[in-house]
Structure formats: structure tokens, C-alpha cells
There are 2 protein chains.
Amino acid sequence: MARKRPTINDVAAASGVSRGTVSRVLNGKTNVSLAAELAVRRAVAETGFVVNRAARSLKTSRTGSVVMVLSEPQERLFEDPNFSVLMRAATNQLAAHDMSLVLMIAGDDGGRDRVARYLRGGHADGALLISTHADDPLLEAIERSHVPSVACGAVLGREGVVPYAAADDRGGARQATTYLIGQGRRKIGMIAGPVDTPGGSLRIEGFTSVPGRRVTKRMVVHGDYTQAGGEKAMHELLRQFPALDAVFVASDLMAAGALQALHAAGRSVPGEVAVAGFDDSAVATATNPMLTTIRQPLAEVASEAVRLLLALLDEQEVESVILPTELIVRDSA
Amino acid sequence: MARKRPTINDVAAASGVSRGTVSRVLNGKTNVSLAAELAVRRAVAETGFVVNRAARSLKTSRTGSVVMVLSEPQERLFEDPNFSVLMRAATNQLAAHDMSLVLMIAGDDGGRDRVARYLRGGHADGALLISTHADDPLLEAIERSHVPSVACGAVLGREGVVPYAAADDRGGARQATTYLIGQGRRKIGMIAGPVDTPGGSLRIEGFTSVPGRRVTKRMVVHGDYTQAGGEKAMHELLRQFPALDAVFVASDLMAAGALQALHAAGRSVPGEVAVAGFDDSAVATATNPMLTTIRQPLAEVASEAVRLLLALLDEQEVESVILPTELIVRDSA
DNA sequence: CTGAAAGCGCTAACAA
DNA sequence: TTGTTAGCGCTTTCAG
């Protein structure tokens, strides 16, 4: 048993046509008689034929795969609940087009180098960039490789260069802030992410742009998107801006940390301080009180990014898309 | 600019040796003079040559990639914080061997079919199975494809057939239970996972096997690894076994739900009821009180699984491995 | 509408 | 130790 894998030749033999004709029905199906097509399809089913991608790829120089490149430092992503959602959505969307997703991590020089070689080697038709920074040396390597790329989340400072699909960070921050104000809060602080990420800077912009109070520098501190970072940031904020009656936190994980800091400081939530998060990740319902937060349509971000990438591969013009967020009201604000 | 990608012929020309010699230094480097090797290496660097995997694959019928197959239904994994850890570790480990990881989701019939075709087509050298059940039709397809496979976490009922790397579920449960008993708890309930998962049944075994009290049926209820499921299960447990003074919960996410149920029922934690979780995922420190839990060495599980798979590809005999867990004491017990 | 034939870039067997 | 050579399985002209 376990005979050799059937090739296109076997299918040709079984269906009584030539290799060329089989190939035609397998692909564009241009100029094939119905009879021939039927015969081929039957033979494919009978033999259990599956095309050899390597051979096809060698001929067409298309691989049928897309690489998802993670640029975030290991430890951060380790805690990041968003990434797996992006992965699954991208995988599903790609699968619908009979393409596959390969994952690469460009966390250090070695990783970046591997990605660069992979791309230069033409091992993937396109790249999906996750949390890539504008100053990431990888960007240059990608550009040099001429492999079409799309980012999930804008690449700060390269918005015009690298097409992207992203959640509306600015709008989401505005939603949260407006809600807080609507709840009668006026002295609102913010725990932001690192400024070199879109979530870091755009959410500050959104936060700042809502009228109804003055925002000064001491009202904003920065965390690193981890829970411990959020806790530390909250303590700092409490020191700088003790009068605050609300905090908008740029991620749920950091918000969980902020909740702990507030608890330790003896401030009740939402009584004395209202807390709003961002992400609507699993931790949002694990905290006490549960987090009022902003849901990002991450699955859609990934599918849209894939759609853009496929369009790019198809040599179409593409335009970046920004998807709306949604306010989820729970107990913390 | 943007000239054609250099081939092995260009390298041969640039280094003044034949294609064959270039190939030799690129691969096994058997029987190559130092001079030739040096010349080739220089030429590779100069030309920026990267081997064409498709061509190599066509010749060797090895792809240099491994597919990670997720069998879990979409909605569960969506909340599962473990999966991304497995992915990253596997990716890193594979990268160290110059191989890549492609991700496929076999959540429904369509997905399973795609995976089966992928494997039958010889598009991957091996498969890494995640949360595959014994009755998954995919298993048969994989077997039929003759693609070497290793599971992350045992495939219940197929332990002898599919090699695996797993955390010590039984031992971890025992650790947690023993700790609870050591804290003076005697009426310990359990919220288990679905019995058709290793974490579901082995953790019950571990829980039950610790002496010091009697375990009856009403002390164990089942959840579905979601937070909502944990909450519901806790309510049920409270009804069946109201006298309990501790709960061992088979996942942190469910434990977070259990905490909420206990809170709603007016039972203090850990005062009246001690709670121990499992996983040590991000939610474990987001809850209030923070969870005492069992840490699974997931990254090691993935690396070990990859190691086993590579050994299998190398035609070696392999033996499944079970890795020790660690008790993390926090505030809930 | 279909068959024949020429490679895609690489490895490995063989010959030198 | 090295060069030569024969394909791996497929797509795609080019004739017919």
C-alpha cells in the first residue's frame, strides 16, 4: 500500500487527455471542452490527486502562502491577548482563498534576518505585519524584498507607504472619554501605551480631542501594555494627579493593573474613580469590577488586512481602512 | 533595478565552480575543498543568493515546514490564552532548525478537509496537533496521509499512537489539591473541564487521587473552559455541595467565573472558600483576589513537541514526554 | 479545443 | 574532490 502520490500525469492517463489539458481545468479552465473537464474531474477524484505546490510554485513563482510577521518583543506579546485573534481571522480568511499562513517572529536581530531572507527568497507571496514600528529595520528589508505587505494597525510615520487595516484608535479613545464625561467625570487621567505604537499615540489624541475639560501633561502617564506596567502607571498618575475622578486606560491588561493600584490606594471604583479600558479582551470580565471598555474589531482588522493584501497581489490599488470600535459598558465606569 | 533573483547557477558562475559543488556546500558540505567552500560562501554573500525552496522541495520532497493544526472549536480558542504561547514557542524552536510553521484551523468539516488535502498533498513535512480529540475524524485523515505527527497535550485514547508532549495534568491537580488540604481545607469541590479533553479527565484523576478526604460525585461539576461556564458551574457546585470550603478549578478563566459566582453568593475568598486555578494565564493576576494556580510549562511543551516531531522526521524512535507543573501561590487560596 | 515540449531551480547519482 | 547530467511535477507557449 501507500503508493506514490499521484501526479498530474496519472490524472492525464486516467482521464485520457494530455497533461496540458488537465492543468487547464485545474487552473483557469480556459478553452476546455465540457467532456474533457468532466473526465478530468472524475479522474482527479478517483486518483485522489492533489497538486504539488512545489512544482507549481517553481513554475509560477507564486507560493500560495503569506507570512505573518510579529515584530513585538517576546515578553509583551506573551501577554497580549489580541494577537491570537488576528492570527485566526487571517488564517481563516486566507484559507477561503486556498492560501496558507506561515508565522514568523522578528523579535530580535536573528529573527529579523530570518524574515528578510525568507522574503528575499520569495518564500511567501505577501506579508502581514503585526505591531511593526516605523523605525523597525525590518521595514527596509521588506521594502527591498519587493514583497507586497499590509499592516494590521498603522505603521506610525509610514501610513502612506504601508497600507493597513486598523481599528479606530482615535475614535475609540474619544468614545471612552466622551462616555466618562457623560457620567459626570471631569478630572480624567489617562494611562497610555508607548508613544511609538499607534495605540499609544492615537488613543492619546482621541482622549485629548474631546472637549469639556483641559488636558495637561501631568494627566497622562505611559505604561507598557502589561498589567504590572499598568499598576505602576496608576500609582504614578495618582501621585501626579491625585484629584482625578476617572482614568482612561489604553488596554484592559493595564486597566487590570490600574484597578489593583486604585484598590491599594483605597480609592473605590467606580465610586471615586471610574475606569475605562481598551480591547475588550478576556481580562475585561475577570476583573472586579468588570471593565467598561472599548471593543476593537480585531477579527475584521485581520480579514480586511488579508483582503487588502490579496488585492495588492492582484496588482490592484488599495486604500487603508479604519474600522469602528464599540463602547462596552460594564461596571468600572 | 530589481533584477531577477540569483539562482544557484549565478553563484556557481561567480565562484568559478559547478552547480553541484555549490549545492554541496549549501547542504551536507561533504567532500568539498576549503578553497571551494570559501569561494562559494563569498559568492553567496555577494549575489545575495537564497535557495529557492520550491525547487529544492520538488527535488527532495521535503518542504521545510510543519503545520500546526488547531482542532478546537473557534469560540473556545478565541478565549484560550494558552494557544498563542504554544505557537510562539513552536515557531521559535522550528526557526532554530530553519523550518517554518504554517497554521491551519480544523474547526469544522471544511477546515478538516483542507487540512487533510494539505497533508495528502505533501505540503508539510509534519504536523503539530493542538487540542485534538480522540474521536476527531481528522486523526484518521492524518494517519492516512502518513505525515509524522506529534500532539501538544495527549490525544485521549490514542496515547500510544500519537506521540505527545504535555504538562503533567494529573500531577498538577494533585499539587493544587494537596496544597488546599495543607491549608486545612477538607471539603473541596472541583470544577473540571470537559471529560473528552486530557485536562478534563486527568485533572479529575489527580484531584481524586489525593488522600485525606472522600470525593463523591456531587463534588465535581463540569465547565467548558470559558469564564461564563466557570461561573455557571460554580453556582451548580454551590447547590450540590453547599458545605464546601475550597474549589479546585481546572482553568484560570473558569476560576475567574467561579470567583464571581462565589462573590454573588456572598462567600468570601479565601476566607470561606479557597480557590485554586490552573494555567497561570494572564487572568490569574487580574482577578481579585489574585489566583493561586498551577503553572503549565507551555512553552516547553511546544518546544518538546517540536523536538519529538523533528526526531520523527529523522526516523528516530520517540517517546512522549510529560513536563512538571509548578504551584503558584497568590491570594485566592 | 488539445497535445507536445520546454523549462522553472535544485539535488544526487554517476563519472571522472 | 569535482563536474555533468537527469529529472522532481507543473504551467505555458506553440503548433496543430
Side-chain angles (χ1 to χ4, degrees), chain A residues 3-41 43-44 47-65 98-99 117-118 120-125, chain B residues 3-41 43-44 47-65 98-99 117-118 120-125:
Chain A
R3 291 196 313 281
K4 238 169 115 306
R5 224 186 291 290
T7 76
I8 199 173
N9 291 308
D10 302 323
V11 176
S15 55
V17 300
S18 74
R19 263 201 343 250
T21 301
V22 174
S23 177
R24 266 164 231 136
V25 357
L26 256 34
N27 302 306
K29 65 164 55 183
T30 45
N31 295 339
V32 181
S33 69
L34 190 61
E37 180 175 346
L38 256 35
V40 169
R41 297 218 176 283
V44 166
T47 56
F49 170 78
V50 179
V51 322
N52 180 323
R53 285 193 182 204
R56 170 180 286 175
S57 175
L58 183 54
K59 190 65 190 175
T60 62
S61 51
R62 275 249 190 167
T63 64
S65 70
D98 210 27
M99 295 187 71
R117 284 178 47 81
Y118 198 80
R120 278 215 332 266
H123 301 332
D125 297 339
Chain B
R3 292 196 314 282
K4 237 170 117 303
R5 223 184 289 291
T7 77
I8 199 173
N9 291 307
D10 300 322
V11 177
S15 54
V17 301
S18 74
R19 255 193 359 242
T21 301
V22 175
S23 178
R24 264 165 233 134
V25 356
L26 256 34
N27 303 306
K29 65 165 51 185
T30 45
N31 295 340
V32 181
S33 69
L34 189 61
E37 179 175 346
L38 256 35
V40 169
R41 296 218 176 286
V44 166
T47 56
F49 169 77
V50 180
V51 321
N52 180 324
R53 286 194 182 204
R56 170 181 286 174
S57 174
L58 183 56
K59 186 67 191 174
T60 62
S61 50
R62 275 249 188 164
T63 63
S65 69
D98 209 27
M99 294 187 71
R117 284 177 49 80
Y118 198 81
R120 277 216 332 267
H123 301 332
D125 296 340

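Just so we're on the same page: letters track the sequence lines, and every chain starts at 1.
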Study note, to complete from the structure: First and last nt of DNA chain C near chain B, cut-off under 4.0 Å to heavy atoms, 5' to 3', are C/dG9 to C/dA13
Could you check if a side-chain atom of [X] sits within less than 4.5 angstrom of a side-chain atom of [Y], using non-hydrogen atoms only?
X: B/L26; Y: B/F49; result: yes
X: A/V25; Y: A/R41; result: yes
X: A/R24; Y: A/V17; result: no
X: A/M99; Y: A/D125; result: yes
X: A/V32; Y: A/T21; result: yes

Regarding [X], tell me which of base, sugar-phosphate or nothing describes its non-hydrogen contacts under 4.0 Å with the strands shown.
X: B/A36; value: sugar-phosphate
X: B/N52; value: sugar-phosphate
X: B/T60; value: sugar-phosphate

Round to a whole Å and report the spacing from [atom1] of [X] to [atom2] of [N].
X: A/L26; N: D/dT12; atom1: CG; atom2: P; answer: 12 Å
X: B/H123; N: D/dC8; atom1: NE2; atom2: C1'; answer: 15 Å
X: A/L58; N: D/dT12; atom1: CG; atom2: P; answer: 12 Å
X: B/R19; N: D/dG7; atom1: CZ; atom2: P; answer: 14 Å
X: A/N9; N: D/dT11; atom1: CG; atom2: P; answer: 11 Å
X: A/K59; N: D/dG7; atom1: NZ; atom2: C1'; answer: 14 Å
X: A/I8; N: D/dC8; atom1: CD1; atom2: C1'; answer: 14 Å

Strictly below 4.0 Å: does [X] bring a side-chain N or O up to OP1 or OP2 of [N]?
X: A/T7; N: D/dG9; value: no
X: B/S18; N: D/dT4; value: no
X: A/S57; N: D/dC10; value: no

Practice item. Without swapping roles, check the side chain of B/S23 against the backbone of B/R19 for a donor-acceptor pair under 3.5 Å. Key: no
Check your understanding: Are B/R5 and B/N52 linked by a side-chain donor-acceptor pair shorter than 3.5 Å?
Key -> no
